[in-house]
Amino acid sequence: MKIWTVFGEYIDYITKLGIYCKLYDKQFSIQRPGGQDKTKIYIATSNYADFVKRGENFEEFMMTQNINKMQEREVSFYTNNKFLLFDGENESPAPQLQDIKKAILEKFSKMNLKDIENSGISQYEYRKIIGMKYQDIQLTQEDIEALNLYKHGLFYEINGFLRGDLSEVNESEEQFVKDMPQIIECIKRISKLQDKFISDTDMTLVRTDRRINNEITPELEYDNFVSTTANDKLFFSKLDGIKRGGYIYIKVPKGTPMIPMDIVTEKRMTFIQRDDVLFGAGDVGYEESEILLPMCELKIDNHRQNQLGTTIANATMIRQKNPIEIMEKRLEEMGDMVIKYAGQEKLEELKAKIQAIKSQNVAKAKFSEQEIGKDTISTSKTKKDEAKERQQRDENQIVQEKQKNASELE
């Protein structure tokens, strides 16, 4: 096994061990038994915070700054994985990586917004947890490209099209029309991807919105994808545009389609071959602990103002919207603009593209119903059969009661 591969595995191990320590409020140092190697790496919140303050992450720091030192004098420290954990009083064998992952995900599944903030995990560590949780979900290169295009290429164009508001779109109307096929394709792919990441628990997520103010309406509608975060300390960072408007805390029910956007960076992580040595590539990204919700309608439960005059609202997602219906409506509204810059034929082409997406969804839904039917044919009594029997019993009871009442009247 190559030294670099072992080194990468070791860094992955202690990164996840550090996350475990934060979630379970523990602190360890790693050391060799019998004084074989006196080097210790401390896994603690305060140490990791030093890297974060300097704008670094632990893996990058170790790979770029300690690599020469490792090659010269400390190769054995990384290639020999027989080490102990010391908590200040007792030594114990290092747990297996799969056990650490299991403990992290078990704890994380029960954490809410406040728990995540209080744990002290960084944006980078949150991304690592998301990578663990959804490691079995596959994304194609086209999926990753679509999500990257949404985040860093056509964000305003995609959401502007869905909202029917091009005020924040910097490009010309003519260029916007040229981008429409790509915009529609992106919306289709992202909507399908959200069905892969159905939420497995009730969540509360937070976002900013310029409509969150003293005159907030009882309901808010989003015809566009809804960017939220699972880490409200993000609002104290300097990410672009994050301080616009008030804050809205959204209760999202279990079973909601969504995309944990940090998974894009994790899935993009690849190992490339360079001079017969494996190097990790792409493990630095723009991280927001973002959860991308579907187009939806929210009910405002209550709102208030904090000491700084910022409006804080609490809301509940009450309905999901159909992205195909929204695309059909927007294309109809923008039909004249499409004809002006690209002609009637282009408009018909775009309509056909949306209709094809709609047909695919209908066919998929019909197929699913047929498959469910096949699964229940061999059972002696399906839920549907049981429901029919209950209905028949209720109807018979009603008939009997009517007959009884009629007899008493006679």
Side-chain angles (χ1 to χ4, degrees), residues 1-34 36-37 39-49 51-52 57-63 70 74 76-112 115-138 197 199-201 203 230-231 260 262-263 265-267 269-271 278 280 283 287 289:
M1 184 177 289
K2 300 295 184 181
I3 291 174
W4 290 94
T5 305
V6 178
F7 179 58
E9 292 175 353
Y10 178 80
I11 297 302
D12 181 59
Y13 179 89
I14 60 176
T15 297
K16 290 179 171 60
L17 182 59
I19 295 171
Y20 168 85
C21 288
K22 288 185 178 182
L23 297 189
Y24 287 90
D25 194 25
K26 294 182 180 295
Q27 182 172 341
F28 295 112
S29 64
I30 294 175
Q31 61 188 39
R32 299 295 166 177
Q36 177 184 350
D37 194 320
T39 304
K40 296 182 182 180
I41 294 182
Y42 289 89
I43 310 298
T45 301
S46 57
N47 288 6
Y48 193 94
F51 292 100
V52 176
N57 67 61
F58 188 73
E59 289 187 19
E60 184 184 31
F61 176 83
M62 293 295 290
M63 290 293 288
M70 183 203 76
E74 298 189 17
S76 63
F77 179 77
Y78 300 102
T79 55
N80 178 4
N81 59 4
K82 295 179 181 178
F83 52 80
L84 299 173
L85 298 184
F86 181 64
D87 63 6
E89 295 182 359
N90 301 302
E91 290 182 345
S92 60
Q96 295 296 310
L97 181 59
Q98 60 266 29
D99 294 329
I100 295 176
K101 288 181 178 179
K102 182 179 178 181
I104 289 173
L105 294 178
E106 182 178 345
K107 185 77 169 181
F108 186 73
S109 67
K110 302 172 185 176
M111 295 175 71
N112 56 32
D115 294 331
I116 292 173
E117 180 182 354
N118 291 339
S119 70
I121 60 173
S122 66
Q123 301 288 89
Y124 170 77
E125 290 170 307
Y126 178 89
R127 167 158 67 83
K128 289 299 180 184
I129 297 175
I130 291 299
M132 285 184 269
K133 182 172 182 178
Y134 298 105
Q135 63 181 0
D136 294 332
I137 293 181
Q138 299 300 315
F197 297 94
S199 61
D200 54 7
T201 184
M203 300 183 294
N231 194 346
D262 285 335
I263 197 66
T265 304
E266 283 298 292
K267 293 297 184 182
M269 292 280 293
T270 57
F271 285 92
L278 289 173
D283 196 14
E287 296 148 0
S289 304

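FYI, the numbering just counts along the sequence from 1. Note that the structure is a prediction, hence the values are computed from the model and not measured.
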Residue that, paired with Glu266, satisfies side-chain contact (heavy atoms from CB on, under 4.5 Å) out of Lys133, Met132, Arg127
Arg127
For the student: nearest non-hydrogen atoms of Pro260 and Ile130, plus distance
CB-CG2, 3.8 Å
Measuring only between side-chain heavy atoms, which start at C-beta, is Leu97 closer than 4.5 Å to Leu17?
no
Which heavy atom in Ser119 sits nearest to a heavy atom in Leu23, and how many Å separate them?
CB-CD2, 3.9 Å
Which atom of Ser122 lies closest to which atom of Lys22, heavy atoms considered
N-NZ, 4.3 Å
In terms of heavy-atom contacts, Ala230 and Ile116 come closest through O-CD1, 3.4 Å
Do Ile129 and Asp262 come within less than 4.5 Å of each other through their side chains, counting heavy atoms only?
no
Between OH of Tyr134 and CG of Leu105, what distance do you get to the nearest 0.5 Å?
10.0 Å
4.5 Å side-chain heavy-atom contact, Phe108 and Asp115
no
Pro95 versus Tyr13, closest heavy-atom pair with distance:
O-OH, 2.6 Å
Less than 4.5 Å apart, side chain to side chain, heavy atoms only: is that true for Gln27 and Cys21?
no
Using the six-membered ring of Tyr24, assess whether NZ or CZ of Lys107 lies under 6.0 Å from its centre and within 45 degrees of the ring axis.
yes
From Ile121 CD1 over to Tyr20 OH, what is the distance, rounded to the nearest 0.5 angstrom?
15.5 Å
Closest non-hydrogen contact found for Lys110 with Glu106 is CG-O, 3.8 Å
Measuring only between side-chain heavy atoms, which start at C-beta, is Lys128 closer than 4.5 Å to Ile104?
no
